[in-house]
Amino acid sequence: MKQYMKQNFDNAMKLPMPGKTFAKLGAKGDYVALQVRPGLINKHVTSEQLITLANLEKEGSVKYSAGHSFIVTIQQNSMEEAIEMLTQVGLYVVPPTPCATLKCCDFCDGDVLDALPLARQLLLQIEQMPMKQRIRIGFNACTLACYNAVQDDLGLVFHNGKVDVYGGAIPMGRRARSGQLLMKNVPEQQILNIIQQLLTLYNTSPVEKFATFIKREKATIQLLQ
Ligand code: SF4
């Protein structure tokens with residue numbers, strides 16, 4: 001094993017760079033990038049899903065992203081066929097249009113399910129809701145918050161039938177920062193309504209940047225509770 005670990009590290013240290021980036025493919029034709037996930041909650045991939053991704057990679061490229069997704073780059077004219085293939089093996093395609101999208105934790109691989117009814121309700125009502133910009137809503141099913149909900153545009157952290165709501169994170173760049181706590185111990189029955197109102201407020205606001213919107217409208221948002 002030691003020998004293989006050494007060989008493995010040596011191979012990695014060759015630092016291979018990708019040959020089929022979005023930019024390189026785009027220089028050759030009309031390509032689009034799809035954000036693809038094993039599921040809305042599940043993070044494991046099956047052999048059938050991997051085979052489908054491998055087949056798509058032959059004509060385009062597949063990489064994984066910091067946002068818990070595969071980025072599948074394919075030719076524009078084969079997008080419909082690719083989505084059909086992905087759908088057949090249960091891979092979820094995040095719409096490429098501006099919308100709200102939930103980034104759920106994996107519920108400890110399905111062992112911690114108290115928050116599942118709320119997550120299902122939010123997914124049904126909010127996932128893919130048209131927005132003026134893509135809004136990432138982190139949903140973590142316990143206070144360990146190991147999927148970093150507080151780093152998303154909105155972060156929902158579930159505990160004992162209640163939810164803490166964070167907002168306004170700047171997830172990258174030199175000014176990166178976590179979201180601020182907007183509401184604490186919100187009963188789960190109220191969350192859907194509050195998030196819908198908050199997203200509608202943002203959609204009708206003249207402010208584009210979500211973190212700025214949260215900063216400016218914090219007092220109004222807190223009245224939603
Ligand atoms: S946030 Fe909590 S419930 Fe979700 S995967 Fe992490 S530890 Fe498990």
Side-chain angles (χ1 to χ4, degrees), residues 32-43 65-72 79-80 83 86-87 90-107 115-141 145 147-158 162-172 178-183 186-225:
V32 286
L34 298 175
Q35 201 179 336
V36 176
R37 298 180 182 158
L40 291 160
I41 290 171
N42 172 45
K43 314 298 180 209
S65 76
H68 309 305
S69 304
F70 296 107
I71 306 298
V72 179
M79 183 158 75
E80 204 173 311
I83 292 175
L86 294 163
T87 304
L91 286 164
Y92 176 64
V93 182
V94 181
T97 49
C99 64
T101 183
L102 261 82
K103 279 177 59 197
C104 296
C105 74
D106 65 14
F107 291 62
L116 190 60
L118 175 60
R120 182 178 281 128
Q121 192 185 26
L122 290 168
L123 285 163
L124 282 170
Q125 301 295 326
I126 288 177
E127 179 74 11
Q128 305 192 0
M129 178 176 167
M131 303 295 300
K132 56 186 177 182
Q133 282 188 8
R134 177 168 290 181
I135 302 299
R136 294 168 183 80
I137 305 170
F139 184 98
N140 283 189
Y147 271 79
N148 301 329
V150 297
Q151 305 297 335
D152 290 312
D153 295 317
L154 277 175
L156 307 178
V157 179
F158 181 92
K162 298 193 169 61
V163 179
D164 293 347
V165 181
Y166 295 79
I170 299 177
M172 61 184 84
S178 300
Q180 50 185 309
L181 183 60
L182 299 173
M183 299 174 202
V186 182
E188 61 179 314
Q189 299 82 355
Q190 294 176 16
I191 278 293
L192 172 62
N193 187 259
I194 287 173
I195 300 302
Q196 282 174 324
Q197 286 190 67
L198 193 159
L199 293 177
T200 304
L201 259 180
Y202 168 66
N203 255 351
T204 52
S205 147
V207 181
E208 284 295 313
K209 203 170 168 195
F210 194 74
T212 309
F213 162 77
I214 293 288
K215 197 172 163 191
R216 285 197 195 157
E217 301 296 335
K218 185 177 173 185
T220 311
I221 291 166
Q222 286 176 325
L223 288 175
L224 297 173
Q225 185 174 1

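Keep in mind the model is a prediction, meaning the values are calculated, not measured.
Residues V94 and Q128 are not in side-chain contact: their nearest non-hydrogen atoms beyond the backbone lie 4.5 Å or more apart. Residues Y202 and E217 fail the side-chain proximity criterion, which asks for heavy atoms closer than 4.5 Å. Proximity of V186 to D164: side-chain heavy atoms (C-beta onward) are nowhere separated by under 4.5 Å.
From K215, atom NZ reaches atom NZ of K209 across 9.0 Å, with rounding to the nearest 0.5 Å. Summarising the geometry, atom CD1 belonging to I41 is positioned 7.5 Å from atom SG belonging to C105; distances are rounded to the nearest 0.5 Å. In this structure, CG in L198 is found 9.5 Å from CD1 in I135, a value given to the nearest 0.5 Å. In this structure, the separation between CD on Q125 and CZ on R120 is 13.0 Å, given to the nearest 0.5 Å. Here Q133 contributes atom CD and D153 contributes atom CG; the two are 8.5 Å apart, rounded to the nearest 0.5 Å. Atom CD1 of residue I195 and atom CD of residue Q190 lie 11.5 Å apart, to the nearest 0.5 angstrom.
When all heavy atoms are compared, the tightest approach of G179 to A169 is N-CB, 3.3 Å. For I137 against A100, the heavy-atom pair with the smallest separation is CD1-CB, 4.3 Å. Shown here for C104 and L40, the closest heavy-atom pair between the two residues is CB-O, 3.5 Å. Of all non-hydrogen atoms in Q222 and L182, the two that sit nearest each other are NE2-O, 3.0 Å. Scanning all heavy atoms of the two residues, the minimum distance from G167 to L154 falls at CA-CD2, 4.1 Å. A pairwise comparison of heavy atoms in P38 and L91 identifies CA-CD2, 3.7 Å as the closest pair.
A donor-acceptor pair under 3.5 Å links the side-chain atoms of T87 to the main chain of I83, judged by distance alone. Under a 3.5 Å cut-off, the side chain of K132 and the backbone N or O of V207 do form a donor-acceptor pair. With hydrogens and angles disregarded, a donor-acceptor distance shorter than 3.5 Å links the side chain of T204 to the backbone of T200. A donor-acceptor pair is defined here as one N or O able to donate and one able to accept, closer than 3.5 Å; no such pair exists between the side chain of D106 and the backbone of K43. Remark: the backbone N or O of F210 is not paired with any side-chain donor or acceptor of T212 at under 3.5 angstrom.
Side chain to side chain, E127 and T101 meet the donor-acceptor criterion of an N or O pair below 3.5 Å. In summary, the side chains of Q35 and R134 do present a donor paired with an acceptor at a separation below 3.5 Å, with no hydrogens or angles considered. For K218 and Q180, the side-chain atoms include at least one donor-acceptor pair closer than 3.5 Å.
Screening V157, I194, L181, I191 against V165 for a side chain to side chain contact (heavy atoms under 4.5 Å, CB included) leaves a single residue, I191.
Summarising the local packing, CD of E208 is surrounded by more than 12 heavy atoms from other residues, nucleotides or ligands at distances under 6.0 Å.
Using bins of under 30°, 30° to 60° and over 60° for the plane-to-plane angle, the ring pair F139/F107 lands in the parallel bin.
Salt bridge status for K103 with D152: present, with a side-chain N to carboxylate O gap under 4.0 Å.
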ask   = Passes side chain to side chain contact (heavy atoms under 4.5 Å, CB included), L192 versus L118? Steps please.
value = CA-CA 8 Å; L192 172 62; L118 175 60; 5.5 Å; no
message = Using side chain to side chain contact (heavy atoms under 4.5 Å, CB included), reason through R37 and F70 one step at a time and then give a plain yes or no.
response = CA-CA 6 Å; R37 298 180 182 158; F70 296 107; over 6 Å; no
query = Between Q151 and S178, does a side-chain hydrogen bond (donor to acceptor under 3.5 Å, both in side chains) hold up when you go through it step by step?
reply = CA-CA 5 Å; Q151 305 297 335; S178 300; 2.9 Å; yes
